[in-house]
> 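Sharing a structure with you now.
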Amino acid sequence: MNNLRVNGGRLWSNLMDTARFGGTEAGGVRRLTLSEEDRKVRAWLEARALAAGCTIARDRLGNMFLRREGRRTDLTPIAMGSHLDTQPTGGKFDGILGVLAGLEVIETLNDAGIKTEHPLMLVNWTNEEGARFAPAMLCSGAWAGVFSEDYVRARQDSAGTSFGSALAGIDAAGDQPVGAQDFAAMFELHIEQGPVLEREELTIGVVTGVQGMRWYDLEITGRAAHAGSTPMDARADALLAAAGLITGASRLAKELGGYATVGELTIAEPSRNVVPGAVRLTFDLRHGDDAGLEAMEQGLQTLISGLAPDLSAQLQQIWSSPPVHFDADCLASIREASASHGHKDMISGAGHDAAYVARKVPTAMIFVPCAGGLSHNPAESATVEDCSTGAQVLLDSVLIHDRRLTARAAE
Ligand code: HGY
Ligand code: MN
Ligand code: MN
């Protein structure tokens, strides 16, 4: 193994410094995609990357490609990527740890005056979270050819602002065609966002894949009625129907070993003395295999078909991301880089840009623990030691992979 060491203190300082872009009183970060806070953190990253000798490119959807030249100009870059946007109740580490660890790799190589054979590319993927503009992983998905540019531009947030106008609003778009940037491989470092590593007192997760996930919108229509004079057995209460579906989906997930979450629920024209006549809610279903996902979807459909006749429901699937298996060579490089750290293979419960990038180039992920496995919460936290070890494994994985690919090309 090389004797290069990342500067964990510099990484931690960058993590705490960038947390001010969208920092909340609760100690978390609210940095929605294409917001003013997103513009500021993007500008911060570009300035640091330029100071580190990188060239900057952006595609037409604002994906950022920060390139460090290698010794060979004929080789395709090895990428380190993740995302800078957060959930509304986000924390200091989800996404940005992977981007800042990639910056730390570049600055460590600069400090040592070392050049890799392959160029390196630090990537910020626009709109990973899907919180403001659904679905998630929208612009890594567009880069992978899953979503058209027009589809992405037309997505709207809850205020009716389109992705396209928000993108123009912070001047984040570049002129590179979406999908034109190629990579020899991509590595993504991320907090686990689950309890496994912490529980097993391990520092590194060698992430072999990502579970499947599907998102749905559900509209339930009943009948608005007077809260005081409508008998309980004469109601078409849309919210009560939704409550039954929510508990039913949760029971299904437990039975099938999957995950079911309702994260958004809106009562149309809410009033405390009116029986809700119409509600809209979202379902996020996940499972390690397609058969399990399919069984969960069928189960939800069955629950919906069992609603009382004076209630109607429209279930629309708005997104489907099948289970992903990462690249064996990339995983071998991560395992070699992790040899001196407590590590284990694992599947990611959360979605990541790497899930779409893997459709086009060899890709794999590295996890580090976060406290209590908590994420998408202002209390999300990780330690300077684990973040530093994660960045070290990212550096070593990239160096090992650079040698692996170069040697193979010379055969
Ligand atoms: O939904 C997810 O798993 C990711 O955080 N976007
Ligand atoms: Mn993330
Ligand atoms: Mn997230």
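Residue numbers run from 1 in the order of the sequence given. Every number for a ligand or one of its atoms is a count from 1 in the order of the listing.
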> Going by the order shown, which atoms of ligand 1 are within less than 4.0 Å of some heavy atom of Ala350?
3 (O)
> Tell me whether Glu129 has any N or O atom under 3.5 angstrom from an N or O of ligand 1.
yes
> Would you mind telling me if ligand 1 is within reach of the side chain of Arg286, the backbone, both or neither, using heavy atoms under 4.0 Å?
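Side chain only.
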> Which pair of heavy atoms, one from Pro322 and one from Ser320, lies closest together, and at what distance?
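Answer, listing the atom of Pro322 first, then Ser320: CD-O, 3.9 Å.
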> Give the atom name of whichever N/O/S atom in Asp94 sits closest to the Mn ion (ligand 2).
OD1
> Give, for atom CD of Glu198 and atom CG of Leu374, the distance between the pair rounded to the nearest 0.5 Å.
10.0 Å
> Is Asp175 atom CG crowded by more than 12 heavy atoms from other residues, nucleotides or ligands, each under 6.0 Å away?
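No, the 6.0 Å shell around CG holds no more than 12 heavy atoms from other groups.
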> Does any N or O of ligand 1 fall below 3.5 Å from an N or O anywhere on Gln193, backbone included?
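No, no N or O pair falls under 3.5 Å.
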> Any N/O/S atom of His83 sitting less than 2.8 Å from the Mn ion (ligand 2), backbone or side chain?
yes
> Quick check: does Asp94 get an N/O under 3.5 Å from an N/O on ligand 1?
no
> Begin from the C-alpha positions of Ser162 and Ser165 and carry the test side-chain hydrogen bond (donor to acceptor under 3.5 Å, both in side chains) through to its verdict.
CA-CA 5 Å; Ser162 73; Ser165 59; 3.0 Å; yes
> Judged by modelled atom types alone, do Arg155 and Thr161 share a side-chain donor-acceptor pair under 3.5 Å?
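Per modelled atom types, Arg155 and Thr161 side chains form no pair under 3.5 Å.
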> Distance under 4.0 Å to a non-hydrogen atom of His376: what atoms of ligand 1 satisfy this?
5 (O)
> In this structure, which one of Ile204, Leu202, Leu394, Thr389 forms a side-chain contact (heavy atoms from CB on, under 4.5 Å) with Val368?
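So, applying the side-chain contact (heavy atoms from CB on, under 4.5 Å) to Val368 and each of Ile204, Leu202, Leu394, Thr389, only Ile204 qualifies.
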> I want to know if ligand 1 touches Gly351 in the polar sense, i.e. an N/O pair below 3.5 angstrom.
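Looking only at distances, the answer is yes, because the N/O contact criterion of under 3.5 Å is met.
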> May I ask you to identify the nearest protein heavy atom to atom 6 (N) of ligand 1, giving residue, atom name and distance to one decimal place in Å?
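Here the closest protein heavy atom is Glu128 OE2, 3.0 Å.
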> Ser338 and Val393: which non-hydrogen atoms are nearest, and at how many Å?
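Looking at all heavy atoms of both residues, the shortest contact is OG-CG1, 3.6 Å.
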